[in-house]
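Every heavy atom of this structure was used, including side-chain atoms; hydrogens, water molecules and symmetry mates were not. Everything numeric in this text was worked out from a predicted model, so none of it was measured.
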Protein chains: 2
Amino acid sequence: MAETSCIVQHFSLFSDLADSDVELLVQLELDAREYPAGTVLCAAGSPATHFFTLMQGWAGIIRHFPDGRRQVLDLYLPGQIMRLREFGAQQARSDLVALTDVVACPFPRERVDELLAASATLARALILTLTAEQALLTERIVNVARRPAVERLGHFLLELCSRLGGGLRFDLPLNQELIGDLLGLSSVHISRTLSKLRKAGLIEQDDGGVRLLDPDGLSNLSGFNEQYLCRPGGSKTD
Amino acid sequence: MAETSCIVQHFSLFSDLADSDVELLVQLELDAREYPAGTVLCAAGSPATHFFTLMQGWAGIIRHFPDGRRQVLDLYLPGQIMRLREFGAQQARSDLVALTDVVACPFPRERVDELLAASATLARALILTLTAEQALLTERIVNVARRPAVERLGHFLLELCSRLGGGLRFDLPLNQELIGDLLGLSSVHISRTLSKLRKAGLIEQDDGGVRLLDPDGLSNLSGFNEQYLCRPGGSKTD
DNA sequence: CGCCATCTTGAGGTCTATCAATTTCAGTGG
DNA sequence: CCACTGAAATTGATAGACCTCAAGATGGCG
């Protein structure tokens, strides 16, 4: 993990990369830095000159409202390029925050233009990652707009499970308030809903983690279909 | 309109195109076809071999649930490339539906690869349109997850106003059920909420259209900030 | 042991969905 | 010209989901 670049692994999911492509991608991850949980890597309103690759930990894009409401717009896991979404923006529109201790590599946005000029394969891979992110966002709209809390939370857990590799047991280093801000629910209601899922025998919680006891039941309940995740081979393991 | 290609106009918003780029883009719009309102241009589950440029009318991507619930995932206006989001998918995940009478041009997906190989400028423009779409989706998540009905609808109307060019009076060829399916609300509640906006003196409705009487008041109410739309010069007119 | 953040649980209130009845209006045919 | 029709919009009443406020429980950590 430390040896192969995170981002190369991630991009390999989408395209067959030539050695020259790999070389270009590795350049993005030369400047690894550590940020403790809670750090704002990039604040709303600041000039959007840099992107980041995420190597370890979880990060999120958070929108703050004047009245104190909050919304987590995006959840980044290792391998993703963060803030790529704001390629066309002059200023950051939301905060990029380390949700856990994080290792990330900042790089100037011009580097992306160099990638595009150098390799059509990379351009294609970049577009594929963007469309994959769009698919995630789209499912989240369905989730938030149309599903009641139990289904919404169930769907979220299944998505995480798959994005983290498919293991039925995984760490969930987010407090209930953050989960609420991700799903458009209050922290109190997250607590009640998790409790419902536990009592229904669908999940189990231990220190900082979740185990999906009945993934099929959960999928069925929440209308989850992992096609949209664009993962190769999707069978869950543990 | 009929002479300059719709899609070239749209892409020009994002990049300075060389003549050779324009030539490539125009190729996408050779096969203009008419589809009456209600036509399913591409059904969920069918192989995703073609994209479409939209030249006239409104189209939407609609997800149908087994229990009859519906969600409009995306609203396409003239100039956009439709279904680009599913570049990486084997099968369409949702229906692409003509919401009004529509003129659109189907083209095979391989054409996109040709564009990428031929021009880094076009690759960049393509990525910019994708990130602009992501910004739209992101704002929609905020809207649906965090705002009550009045703000949600107000925000939607302001976004439409801007996307349609900024004129305060515009056609709105969607019935209230469709608007509800866009915003995650019931048609009944859309009716009540529109009525509230009218009584508050914020909007006015005539046959098939809306006029924003107090765009600033509406922006203020709904927390709208048009930055995310990536439009050059955003001042509203009329 | 005490402190602080987080989670849990209860009670009451608000927002939105659902069901159902009524109105409006464009289209159609007598 | 008018009655009929069907889709869409309006309006009222009721129910359910979720929020907010507030009080207690839990658990890591100095």
Please indicate whether [X] has more than 12 foreign heavy atoms, meaning atoms of other residues, nucleotides or ligands, lying under 6.0 Å from its [atom1].
X: A:Gln91; atom1: CD; answer: yes
X: A:Gln205; atom1: CD; answer: yes
X: A:Gln90; atom1: CD; answer: no

> Reckon A:Gln176 has a side-chain N or O less than 4.0 Å from the OP1 or OP2 of C:dT8?
Replying inline: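 For A:Gln176, the contact criterion (side-chain N or O under 4.0 Å from OP1 or OP2 of C:dT8) is met.
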
>> With a 4.0 Å cutoff (strictly under), does any side-chain N or O of A:Ser191 reach OP1 or OP2 of C:dC7?
In response: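 Answer is no, no contact under 4.0 Å.
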
Which whole-number value in Å describes the distance from [X] [atom1] to [N] [atom2]?
X: B:Arg69; N: C:dA17; atom1: CZ; atom2: P; answer: 12 Å
X: A:Glu177; N: C:dC4; atom1: CD; atom2: C1'; answer: 15 Å
X: B:Arg152; N: C:dC15; atom1: CZ; atom2: C1'; answer: 10 Å
X: A:Leu183; N: D:dC19; atom1: CG; atom2: P; answer: 11 Å
X: A:Arg147; N: C:dT16; atom1: CZ; atom2: C1'; answer: 19 Å
X: A:Leu185; N: C:dT8; atom1: CG; atom2: C1'; answer: 17 Å
X: A:Asn175; N: C:dT8; atom1: CG; atom2: P; answer: 12 Å

With the criterion being N/O to N/O and under 3.5 Å, what pairs connect the protein with nucleotides 18-25 of chain C, and how long is each?
residue, atom, partner, partner atom, Å
C:dT18, O4, B:Arg192, NH2, 3.3

> Heavy-atom contacts under 4.0 Å between residues 194-210 of chain B and DNA chain D, which residues?
Replying inline: B:Arg198

> What parts of residues 137-145 of chain B reach DNA chain D, counting only heavy atoms under 4.0 Å away?
Replying inline: none

> Taking C-beta and beyond as the side chain, do B:Phe51 and B:Phe87 meet within less than 4.5 Å on heavy atoms?
Replying inline: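 Touching, per the 4.5 Å side-chain cut-off.
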
>> Are the side chains of B:Gln134 and A:Leu137 in contact, using a 4.5 Å heavy-atom criterion?
In response: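 In short, these two side chains touch, coming nearer than 4.5 Å.
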
>> On DNA chain C, compare the nucleotides closest to A:Arg146 and A:Ile190; which residue's is nearer the 5' end?
In response: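 It is A:Ile190 whose nearest nucleotide is closer to the 5' end.
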
> Which of these passes side chain to side chain contact (heavy atoms under 4.5 Å, CB included) with A:Leu197: A:Leu213, A:Asp214, A:Ile203?
Replying inline: A:Ile203

> Checking side chain to side chain contact (heavy atoms under 4.5 Å, CB included) against B:Val72, which of B:Val97, B:Leu182, B:Leu183 comes through?
Replying inline: B:Leu182

>> Any side-chain to backbone donor/acceptor pair from B:Thr193 onto B:His189? Under 3.5 Å, distance only.
In response: yes

For the residue pair [Y] / [X], report whether a side-chain donor-acceptor contact shorter than 3.5 Å exists.
X: B:Glu29; Y: B:Ser5; value: yes
X: A:Gln80; Y: A:Arg163; value: yes
X: A:Gln227; Y: B:Arg93; value: no

> For B:Asp206, what residues pass the side-chain contact (heavy atoms from CB on, under 4.5 Å) criterion, not counting sequence neighbours?
Replying inline: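 Counting only residues at least two positions away or on another chain, B:Asp206 forms a side-chain contact (heavy atoms from CB on, under 4.5 Å) with B:Arg169.
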
> Between the axis at one end of the helix from C:dT8-D:dA23 to C:dG30-D:dC1 and the axis at the other (five pairs apiece), what's the angle to 10 degrees?
Replying inline: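 Both end axes considered, the difference amounts to 30°.
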
>> In terms of relative ring orientation, are B:Tyr228 and B:His155 parallel, tilted or perpendicular, with 30° and 60° separating the classes?
In response: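 Taking B:His155 first and then B:Tyr228, their aromatic rings lie parallel (interplane angle under 30°).
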
> Which pairs, with at least one residue in residues 133-148 of chain A and sequence neighbours excluded, count as a salt bridge (charged side-chain N to carboxylate O under 4.0 Å, His left out)?
Replying inline: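 For residues 133-148 of chain A, and leaving out neighbouring residues, the salt bridge (charged side-chain N to carboxylate O under 4.0 Å, His left out) pairs sorted by first residue read A:Glu139-B:Arg63, A:Arg146-B:Asp181.
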
